[in-house]
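Below is one structure, written out as structure tokens, with a few remarks after it.
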Amino acid sequence: AKKVLELLGVDRSDVKKVSIQSNFPVENRPVEFKDVTNLKHDLVEDGDMRDMSASILSIMMDHKQHKGIVHCGSYDRQSEIHQCLQEMLGAGCERLMTHDSHDADEKLDMFKKSSGNKVLLSVAKEEGIDLSGDEARFNVLVKTPNPFSEDPRVKYRIEENSEWEWFFSQTASSTAQAYGRTTRSKTDWSKFYILDSHFKSFYDRQKHLLPDWFIQAAEESDLEGVSA
């Protein structure tokens, strides 16, 4: 927070922090950490996407009657997961929906209006969308949403300025945003799944950057016990 204020040119004495708890019942917005495989870029191995896809398929089977969204994190990963799921599902692959960078809004609208149990394999939909009620009852975060380390601006901030607090605060914000795409009111409900094993180390070290209402849901599930 201090670094953000410095970047904005705002004096700390002019700022007052206000923290508001969620009034959405925690039982309506559970978090489940599945610890499937580590998707940190230098640790990804052959077969990891198939393991990840198998876990997504298991979630889909647990929600046979429900629609859901899967945050893939990149179009390459989306394509790999889609291909794996098509092979695993066979004729049942009609349940899947994807989009590209050109038709993302159109496909999202189609998904929201669809009936049945469609599953949207999405990219860059962690923020700014509203999936309320039956529009999505499960919400899957495939990869810990760190800023893209090869982006020149990110690289400069990390390598030249050592802005790790900024880096991890972006991860925390993106995680909370993805979580908030579903369960949109006090009477709404959905389940949030985190599949990337790398999230474990992020949570253990940077939990303080996450909102209290996310930590509350995590502590009601198994995230408090993920430390090795």
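Computed from a predicted model, the values in this text were never measured in an experiment.
The closest side-chain donor-acceptor pair between Asp51 and Thr37, if any, does not fall under 3.5 angstrom. His71 and Asn139 share a side-chain donor-acceptor pair at under 3.5 Å. Looking at Ser197 and Asp35, their side chains do bring a donor and an acceptor atom within 3.5 Å of each other. For the residue pair Asn146/Thr144, the side-chain donor-acceptor check at 3.5 Å is not satisfied.
Looking only at side-chain heavy atoms (C-beta outward), Ser53 and Met88 come within less than 4.5 Å of each other. Residues Lys34 and Ile194 have side chains not in contact (no heavy-atom distance under 4.5 Å, counting atoms from C-beta outward). Met49 is listed as a side-chain neighbour of Leu39, based on a closest heavy-atom distance under 4.5 Å. Between Phe24 and Asn28, the closest side-chain pair of non-hydrogen atoms is not below 4.5 Å.
Paired with Leu141 under the rule side chain to side chain contact (heavy atoms under 4.5 Å, CB included), one option of Val31, Thr175, Val70 passes, and it is Thr175.
Leu85 and Ile69 end up in different hydrophobic clusters when Ile, Leu, Val, Met, Phe, Trp and Tyr side chains are linked at under 4.5 Å. Note: the hydrophobic cluster containing Leu57 also contains Ile59 (ILVMFWY, side chain heavy atoms under 4.5 Å, direct or indirect links).
With respect to the salt-bridge test (charged N to carboxylate O, under 4.0 angstrom), the residues Arg157 and Asp151 do not qualify. Arg184 has no carboxylate O lying under 4.0 Å from a charged side-chain N of Asp188, or vice versa, which leaves the two without a salt bridge. Salt-bridge formation is not detected for the pair Asp204/Lys207: no Lys NZ or Arg NE/NH1/NH2 atom is positioned less than 4.0 Å from an Asp or Glu carboxylate oxygen. A salt bridge does not link Glu126 with Arg181: none of the charged nitrogens is closer than 4.0 Å to a carboxylate oxygen.
How far CD1 of Ile81 is from CD1 of Ile56: 4.0 Å, rounded to the nearest 0.5 Å. Separating the OG atom in Ser55 from the OH atom in Tyr193 is a distance of 9.5 Å, to the nearest 0.5 Å. The line from NZ of Lys112 to CE of Met110 is 14.0 Å long, rounded to the nearest 0.5 Å. Within the model, atoms CZ of Arg137 and CG of Asn117 stand 14.0 Å from one another, a figure rounded to the nearest 0.5 Å. We find the CD1-CG distance between Ile129 and Leu120 to be 7.5 Å, quoted to the nearest 0.5 Å. The structure places NZ of Lys107 at 6.5 Å from CG of Asp100, a figure rounded to the nearest 0.5 Å.
Between Ala136 and Ser190 the shortest heavy-atom distance is O-CB, 4.0 Å. For Val123 against Cys72, the heavy-atom pair with the smallest separation is CG2-CB, 4.5 Å. Scanning all heavy atoms of the two residues, the minimum distance from Glu127 to Ser174 falls at OE2-OG, 4.4 Å.
For the pair Arg29 and Trp189, the cation-pi criterion (under 6.0 Å, within 45° of the ring axis) is not fulfilled.
Taking the six-membered ring for Trp and thresholds of 30 and 60 degrees, Tyr179 and Trp213 have nearly parallel ring planes, at less than 30 degrees apart. Ring-plane geometry between Phe199 and Phe33 is classed as tilted, the angle between the planes lying from 30 to 60 degrees on a 0 to 90 degree scale.
Screening residues 138-157 for ring pair (Phe, Tyr, Trp, His ring centres under 6.0 Å), with sequence neighbours left out, gives His63-Phe138. Applying the salt bridge (charged side-chain N to carboxylate O under 4.0 Å, His left out) test to pairs two or more places apart or on separate chains, those with a residue in residues 63-89 are Arg50-Glu87. Identified under the ring pair (Phe, Tyr, Trp, His ring centres under 6.0 Å) test for residues 87-134, with sequence neighbours left out: Tyr75-His99.
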Assess the residue pair Trp164 and Ile158 against the criterion (side-chain contact (heavy atoms from CB on, under 4.5 Å)); give the C-alpha distance rounded to whole Å, side-chain angles, the decisive distance to 0.1 Å, and a yes or no.
CA-CA 6 Å; Trp164 287 106; Ile158 296 304; 3.1 Å; yes
Might you work through the side-chain contact (heavy atoms from CB on, under 4.5 Å) test for Asn23 and Lys186, ending with a clear yes or no?
CA-CA 7 Å; Asn23 62 356; Lys186 289 188 290 185; 3.6 Å; yes
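With a 6.0 Å radius and a threshold of 12 heavy atoms from other residues, nucleotides or ligands, Gln65 has its CD atom at or below the threshold.
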